[in-house]
Amino acid sequence: MKNIFVKTIAAAVLTLGMTGCVNDLDISSIDPQSSPNPDAMGLLAKCYGVLGLTGQRGGTGNGDLSLDEGESGFYRTTFNLQELPTDECMWAWQTDNDIPQITMIGWNSSSVRVQWAYTRLTYDITLFNSYLSQVADNDENRQYRAEVRFLRALHYWYLLDLFGKAPFKVDFNITELPVEYSGEQMYAWLDNELTEIEAEMTKTGAGVGAFNNSENFGRADLGAVYLLHARLALNSAVYSSEVDANKEYEKAVNYCNLIEQSGAYDLSRVPKNGNSGYAQLFMADNDQNAEAMKEIIFPIRQDGLRTRQYSGSLMLIAGARSAAMPSYGMKESWTCLFARKAMTEKFFPNLDNVPLVAEDAETSTDQATAASLDEKYGTTVADLIAAAGDDRALLYSGCADGVRTISTDKVSDFKNGLSLVKWTNMRSDNTAGQNVSWPDTDIPLFRYAEIYLIRAEANWRLGKDANTVLADINELRGRANATPFRVADVTEENLRDEWCREFFMEGRRRSDLVRFGCFTGGKYLWDWKGGEANGTSIDAHFNVYPIPYDDLMNNGNLSQNYGY
């Protein structure tokens, strides 16, 4: 099983004998046909592989779905819906299909980016159902089947979170359409499913098989199940009107405690070669660097030689860079992702404290020259971290390829906000990854830091003593060398903002804003919310995405979400 996700993935994508593409949102028609004697390990690798690959070849060509392959991967489709409409980032290419509607919160049931996410999630679920129908339920396969059940539960969680309900099916056939599960039904199923597979997963704890190690990095163990269950419980009041939210918050705390007590994980804390413990989590060797690996509970594997695609960490790195920006280990630079003003304010409440170059300052398209100018003007990444007093402030305001601003009254350019340099293809020894065109940087889908904020928020919602909440928040602020919070700082706004400071650009912000009642309405405004430069109130129906029109036409079991 060692390194199955990197070394056998090329063969694994062929094991299913895939029909090639799908252009139908009816899950039943998505038919990953198998050989009469399937290779169980190859099938398992394919199940994991769809998290970080988009097709059979790499790059583009022979994709899983008959969509734009570069846009149709699991992480990119969900990232777009979770990040682009929020207070964290903007996509400069406003002429791209459906980008204005997504980034300004104005989508409808025909929005293609909503459809892409829905199609990817339902396709992957069908793949998991195919695996479970072909691989015998016996002692030899029980753990592997549990891992695939976890992957299926993860995808159903995304459907629940994004759409408020799901087209539901747990068997593999082409004669029955999925049925609609409401939020209440989906929550109950996920709660039960995650509980059931706990006993089948690899246990966590020193010496007992946790997978955050070089042997099995990338596989899901019991810690991943616990963390997904904690995340589900924290959002219980959003997903279901039938649960006792306080009981679910207690459950979230208990699952976080179980993860902590396992001793299998810890925060990445120790600096290396000028890179903070936090920064190491998002570098090219985060699957080899023990400091980063101990925090990463469940990653999406990426490898510059073997997992080439446009929907993973390439998008996160190249999307946020211009060519002359500080060394990031790649030649690709898309110049499209940049920080909103509200994102910058999380680290600089007083925007006058942001190190900026003057509008008429000298700039450069040459990396070395730009770096020299940044040293001269005090606009290096290190300068911003120092000014923010927080290692997590991985932002850039310097001279590369032009002058950046903090905000804009017209979204038209990559430099309309600060640059986001959290993700990089540089290793912790400050050398580049193995391929300057495709990154090695794994995506930490679940990491240990999340237990601190889940537990802090759940305890806050339960009305627990402020010092209990404070201890967890300050664990993360301490790791970031940020000023500790005091009891008076334990407020709803600070909790909401701390989620942003710790997890910005990690594909989750919309979920957090919805939970705090801030994504829609006028309780919290940010720049370009609702398409207005200073933000505007948004109708509550935008808290969930619409069921794509095509699937409603194909499946009479489904109904549209309110407001669409």
Side-chain angles (χ1 to χ4, degrees), residues 83 86-93 274-276 278-279 282-283 316-330 333-426 480-483 497 500-502 504-505 509 526-528 533:
E83 291 286 354
T86 74
D87 57 346
E88 289 190 352
C89 61
M90 292 280 281
W91 190 267
W93 303 348
N275 302 300
S276 68
Y278 183 80
F282 312 101
M283 303 187 80
L316 298 168
I317 299 168
R321 306 283 183 156
S322 64
M325 282 176 62
S327 182
Y328 55 100
M330 297 193 70
S333 56
W334 297 358
T335 61
C336 49
L337 276 170
F338 62 92
R340 298 199 194 216
K341 180 180 74 170
M343 168 78 236
T344 302
E345 286 175 324
K346 300 297 181 289
F347 292 106
F348 296 95
N350 182 350
L351 293 175
D352 290 339
N353 293 332
V354 179
L356 288 172
V357 297
E359 186 176 345
D360 60 350
E362 182 183 359
T363 63
S364 179
T365 58
D366 173 73
Q367 194 171 89
T369 304
S372 178
L373 290 171
D374 288 339
E375 292 285 350
K376 172 183 174 182
Y377 293 130
T379 53
T380 66
V381 176
D383 290 323
L384 268 79
I385 289 173
D390 194 319
D391 288 347
R392 301 170 296 187
L394 294 169
L395 303 167
Y396 175 75
S397 63
C399 306
D401 300 298
V403 173
R404 283 150 184 78
T405 60
I406 293 175
S407 61
T408 180
D409 59 3
K410 182 181 179 182
V411 182
S412 59
D413 189 89
F414 171 69
K415 299 182 292 296
N416 288 157
L418 300 191
S419 294
L420 301 152
V421 294
K422 181 170 182 171
W423 298 88
T424 178
N425 194 39
M426 297 295 290
N481 292 305
T483 302
D497 289 352
C500 176
R501 282 185 282 267
E502 181 66 31
F504 73 94
M505 290 287 286
R509 183 58 173 169
W526 59 84
D527 44 315
W528 295 102

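The model shown is predicted, which means the values in this text are computed figures rather than measured ones.
- Within the 3.5 Å criterion, the main-chain N or O of F414 finds no donor-acceptor partner in the side chain of T335.
- Of the possible donor and acceptor atoms, one in the side chain of R404 sits under 3.5 Å from a partner among the backbone N and O of G402.
- A 6.0 Å sphere centred on CG of D409 holds no more than 12 heavy atoms belonging to other residues, nucleotides or ligands.
- Judged purely by atom type and a 3.5 angstrom limit, E345 has no side-chain atom pairing as donor or acceptor with the backbone of N350.
- Looking only at distances, no side-chain donor or acceptor of Y328 sits under 3.5 Å from a matching main-chain atom of A318.
- Considering T369, T379, T380 as possible partners of D374, the one that fulfils the side-chain hydrogen bond (donor to acceptor under 3.5 Å, both in side chains) test is T379.
- A distance-only check finds a donor-acceptor pair linking the side chain of R340 to the backbone of D527 [under 3.5 Å].
- Between F338 and V411 the shortest side-chain heavy-atom distance falls below 4.5 Å.
- Annotation: cation-pi pair K346/F504 absent, no NZ/CZ under 6.0 Å from the ring centroid and within 45° of its normal.
- Between the side chain of W423 and the main chain of M505, a donor-acceptor pair closer than 3.5 Å is present.
- Put simply, the side chain of R509 never gets that close to the backbone of D87: no donor and acceptor are under 3.5 Å apart.
- Here the side chain of D401 pairs a donor or acceptor atom with the backbone of A324 at under 3.5 angstrom.
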